[in-house]
Visitor: 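First the structure, which I've put down as structure tokens, then a few questions once you've had a look.
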Amino acid sequence: MAQVSLTFPDGTKREFDAGITAAEIAAGISNSLRKKAISATVNGVHWDLQWPIETNASIAINTMKDTEPALELIRHDCAHIMARAVQEIWPDTQVTIGPVIKGGWYYDFDRAEPFVPEDLALIEKKMKEIINKRDEVRTEIWDRARAVKFYEDNNEPYKVELIDAIPGDEPLRMYWHGGWQDLCRGPHLQNTGQVPGDSFKLMSIAGAYWRGDSDRAMLQRIYGVAFQNKNDLKKHLHMLEEAAKRDHRKLGREMDLFHMQEEAPGQIFWHPNGWKIYTELQDYMRRRQNGADYVEVNTPQVVDRKLWEASGHWEKYQEHMFIVEVDEEHAREKAVNALKPMNCPCHVQIFNQGLKSYRDLPLRMAEFGSCNRYEPSGALHGIMRVRGFTQDDAHIFCTESQIEEETEKFIQLLSLIYKDLGFEKFSIKFSDRPEKRAGSDEVWDKAESALMTATKAVGCEFELNPGEGAFYGPKLEFVLTDAIGRDWQCGTLQVDFVLPERLNATYIGEDGTKHRPVMLHRAILGSFERFIGILIESFAGKLPFWLAPRQVVVASIVSDADEYVHEVVAALKAKGIRAEADTRNEKINYKVREHSLGKVPAILAIGMREVEERTVSIRRLGDKRTNVVALDQAVQQLGQEARAPDLN
RNA sequence: GCCGCAUUAGCUCAGCCGGUAGAGCAAUUGCUUCGUAAGUAAUGGGUCGGGGGUUCAAAUCCCUCAUGCGGCACCA
């Protein structure tokens, strides 16, 4: 019999008969390892204990202590156990796919009756029964015809379709535990009892399209999470609770920032507090962009369809545009308009006014552009995904040879701004040419390499996102990581050779003839609405002092201090600080609690001692300590903190 | 847009099998002047998301529309 040489993690090599399984190897080492083993890693591939090893390889036996394989197996087996539980409870249910995802798994089912939340407890109970049975997991390779016939006989058309999609040279693997089977590439645990029965939880039921295709059947998806032990599950659930506390919709209400109502779905009613954040952020962005040699413009909201036809938006995005038709009786002429969904066509109109010379380039045209898009109802989400929003948009009209330098400058500006806003870390995704695209390969070569060398020149690493570029050019996407580790794609830089062509933008070159400029579409925040949502969630409402809508509340302890309280407020306001007096007839405990919940970064408590000494007692949000300082000093210090980072 | 769930006082929520609404907080008004996360009492407050239907009777059952929530699809 042929031999294989296997190298163990400690470097020792041993010879085995070819076709030996990892389970047999584990058993040869010790009986306890045989029981504890969950899988193997063979030449870097996660390997089922039952799979034969036919070639020389490196091998490691995994146990539950090996976190990465353990979690993958636990979650994957949970998916199977859940599918079995569902089919045992409701035999008329068809199973489809059930992959492992971050933190857990899901499984998609086809069943006439909808699952209801109460079903989850039922399924969990059944899953625990299956785990307690410690059913052995068994696997076999089947040939295609047999597998197809099997699923046809069992009336499982989804599985038949999955088999059809698997390349012909790949073996089909079947897995069993108990009487239940599933088509699966594996690997899996040795028996169902290896799944910790107290460390998983079914989370939610949702609809999901078969194969992610909105033209196909809507299946029912059940999401679950699973961990190595009970404590990790607890930590995970706790983290979810903490994330829920940061929800910008909840904080928006509690901090009285904004509201939304059904008469204007997807649009925001900004309250005074929320609008303070908005304008403060916008003022800051305006100063930063002015400093980076942008010119600011403003363009119309309601624009004739002719322009959208010329730009190509009418054809591609008509369904997502708010169409405005003026009633014929009142109109001098019948016209069909659309609310602008983006600013670029309008910016080209400004560029096209008068002759432009190469000396005018690069021309960085910025607009806090108010846009409206008719987003699908299901896409709306708080202030993060809305139908009316304002982009921190700009278009840089430049020559091809300027792309590189402009990219560099943009990344520098973006880094500076993200840092000012409290996001030290961001990552970049580079999306190159998609299959369907405009422009010659030559132009794409130039655009991609310019974008790439510029990105590298700034010293930024990026992840390649192949084929994900816009149809008109490659793009960079800037993803920032918030305080609890979530990623948000905010900034973007897109190279566009198409729109200048479509809208006939030209400049006179050094040679005295007309040339086509390149447009760089770019945004840093993305939209103010969404970015403020991100700020709220990342800071859990505790915004940096300069962005806080209410920066200081001066609260009296006794009413005899009221007069001095107003004096303090006046002094703070004179320094440009957003300060309020709270002289209500309430205990200081009550006031401190209320303003703390309102996320006011500084509370100044004023009793008779402060009045007599002309001091204030400063209490910072989230800090139990107080700090008594002279009034003048407090005004000076808080005035400094209240300034935006670019003004310090 | 699709699947599921939800919509009751300003907020958070209770209201089983149909008999026309309830709590806590908030608000208002008293009393209380109290030194760092809820002092106290009284009072007011709801066409139960809109429309339609079933019924002697609907917050409750059915249909429909709207909005929201969780996903899916979408995101120029």
Visitor: Would you say Asn589(A) reaches A37(B)'s phosphate, i.e. side-chain N/O to OP1/OP2 under 4.0 Å?
Guide: yes

Visitor: Among Arg211(A), Arg221(A), Arg216(A), exactly one meets salt bridge (Lys or Arg N to Asp or Glu O under 4.0 Å) together with Asp108(A). Which residue is that?
Guide: Arg221(A)

Visitor: Do the side chain of Tyr209(A) and the base of G1(B) come within less than 3.5 angstrom through a donor-acceptor pair of N or O atoms?
Guide: yes

Visitor: Select one nucleotide: of U67(B), U36(B), C2(B), the one nearest the side-chain heavy atoms of Thr626(A).
Guide: U36(B)

Visitor: Counting heavy atoms from C-beta on, name the nucleotide in A76(B), G70(B), G71(B) closest to the side chain of Tyr223(A).
Guide: G71(B)

Visitor: To the side chain of Ala206(A), which of G35(B), G71(B), G68(B) is closest?
Guide: G71(B)

Visitor: To the nearest angstrom, how far is Glu262(A) atom CD from A66(B) atom P?
Guide: 11 Å

Visitor: Among G68(B), G35(B), G70(B), which nucleotide has an atom closest to any side-chain atom of Arg609(A)?
Guide: G35(B)

Visitor: What distance do Lys126(A) atom NZ and Ile89(A) atom CD1 have between them, rounded to the nearest 0.5 Å?
Guide: 6.0 Å

Visitor: If you take any heavy atom closer than 4.0 Å to RNA chain B, which residues from residues 557-568 of chain A end up in contact?
Guide: Ile557(A), Val558(A), Ser559(A)

Visitor: Could you please name the option among U36(B), G1(B), A76(B) that lies closest to any side-chain atom of Ala605(A)?
Guide: U36(B)

Visitor: Heavy-atom count check: over 12 atoms from other residues, nucleotides or ligands less than 6.0 Å from Glu319(A) CD?
Guide: no

Visitor: Does U7(B) have a Watson-Crick or wobble mate here (both distances under 3.5 Å), and if so which one?
Guide: A66(B)

Visitor: A26(B), G35(B), C72(B): which one has an atom nearest the side-chain heavy atoms of Tyr590(A)?
Guide: A26(B)

Visitor: From the set G35(B), G70(B), A76(B), return the single nucleotide nearest to any side-chain atom of Met321(A).
Guide: A76(B)

Visitor: Could you label the plane-to-plane angle of the Tyr472(A) and His521(A) rings as parallel, tilted or perpendicular, counting under 30° as parallel and over 60° as perpendicular?
Guide: parallel

Visitor: Between Arg253(A) and Phe258(A), is NZ or CZ placed under 6.0 angstrom from the six-membered ring centre and within 45° of the ring axis?
Guide: no

Visitor: Where the side chain of Ala379(A) is concerned, which of A76(B), A73(B), C72(B) is the nearest nucleotide?
Guide: A73(B)

Visitor: Does the structure show a Watson-Crick or G-U wobble partner for G46(B), both distances under 3.5 Å? Name it, or say none.
Guide: none

Visitor: Does the G1(B) base have a donor-acceptor partner in the side chain of Glu375(A) within less than 3.5 Å?
Guide: no

Visitor: If I take atom CG in residue Asn627(A) and atom P in nucleotide U36(B), what distance separates them, rounded to the nearest angstrom?
Guide: 16 Å

Visitor: Quick one: does Arg373(A) reach the base of C75(B) with a side-chain donor-acceptor pair under 3.5 Å?
Guide: no

Visitor: Could you tell me which nucleotide pairs with A14(B) by Watson-Crick or G-U wobble geometry, both distances under 3.5 Å, or answer none if nothing does?
Guide: none

Visitor: Out of Lys587(A), Arg593(A), Glu586(A), which one pairs with Asn589(A) under the side chain to side chain contact (heavy atoms under 4.5 Å, CB included) rule?
Guide: Lys587(A)

Visitor: Can you check the distance between C65(B) and C3(B), where both ends of the measurement are the P atom (answer in whole Å)?
Guide: 11 Å

Visitor: Within this structure, what is the CD-to-P distance between Gln494(A) and C75(B), rounded to whole angstrom?
Guide: 13 Å

Visitor: May I ask you to check whether Phe115(A) and Trp90(A) place their ring centers less than 6.0 Å from one another?
Guide: yes

Visitor: Between P on C69(B) and CZ on Arg385(A), what's the gap in Å once rounded to a whole number?
Guide: 13 Å

Visitor: Looking at G19(B), which nucleotide sits across from it as a Watson-Crick or G-U wobble partner, both distances under 3.5 angstrom, or is there none?
Guide: C56(B)

Visitor: Checking the side chain of Glu315(A) only, and the main-chain atoms of Glu309(A) only, is there a donor and an acceptor separated by less than 3.5 Å?
Guide: no

Visitor: Without decimals, in angstroms, what is the distance between His271(A) NE2 and C11(B) C1'?
Guide: 14 Å

Visitor: At less than 4.0 Å, is any side-chain N or O atom of Arg619(A) found next to OP1 or OP2 of A37(B)? Yes or no.
Guide: yes

Visitor: Which part of the nucleic acid does Ile603(A) contact within heavy-atom distance under 4.0 Å: base, sugar-phosphate only, or nothing?
Guide: nothing

Visitor: Quickly work out the Arg584(A) CZ to G39(B) P distance and round it to whole Å.
Guide: 11 Å

Visitor: For Phe322(A), I'd like to know if atom CZ has over 12 heavy atoms of other residues, nucleotides or ligands within 6.0 Å.
Guide: yes

Visitor: Measure the distance from CG on Asp215(A) to C1' on C74(B) and round it to the nearest whole Å.
Guide: 13 Å

Visitor: For Pro376(A), which contact category applies under a 4.0 Å heavy-atom criterion: base, sugar-phosphate, or nothing?
Guide: base

Visitor: Quick test of your reading: applying salt bridge (charged side-chain N to carboxylate O under 4.0 Å, His left out), list the pairs with at least one residue in residues 553-566 of chain A, sequence neighbours left out, ordered by first then second residue.
Guide: none

Visitor: So, under a plain 3.5 Å distance rule, would you say the side chain of Ser617(A) forms a donor-acceptor pair with the base of U36(B)?
Guide: yes

Visitor: How long is the straight-line distance from NZ of Lys542(A) back to CE of Met255(A), given to the nearest 0.5 Å?
Guide: 10.5 Å

Visitor: Over all strands shown, is Tyr472(A) touching base, sugar-phosphate only, or nothing at heavy-atom distances under 4.0 angstrom?
Guide: sugar-phosphate

Visitor: Pull out every residue in residues 242-260 of chain A that has a heavy atom closer than 4.0 Å to any atom of RNA chain B, ordered by number, or say none.
Guide: Arg249(A), Arg253(A)

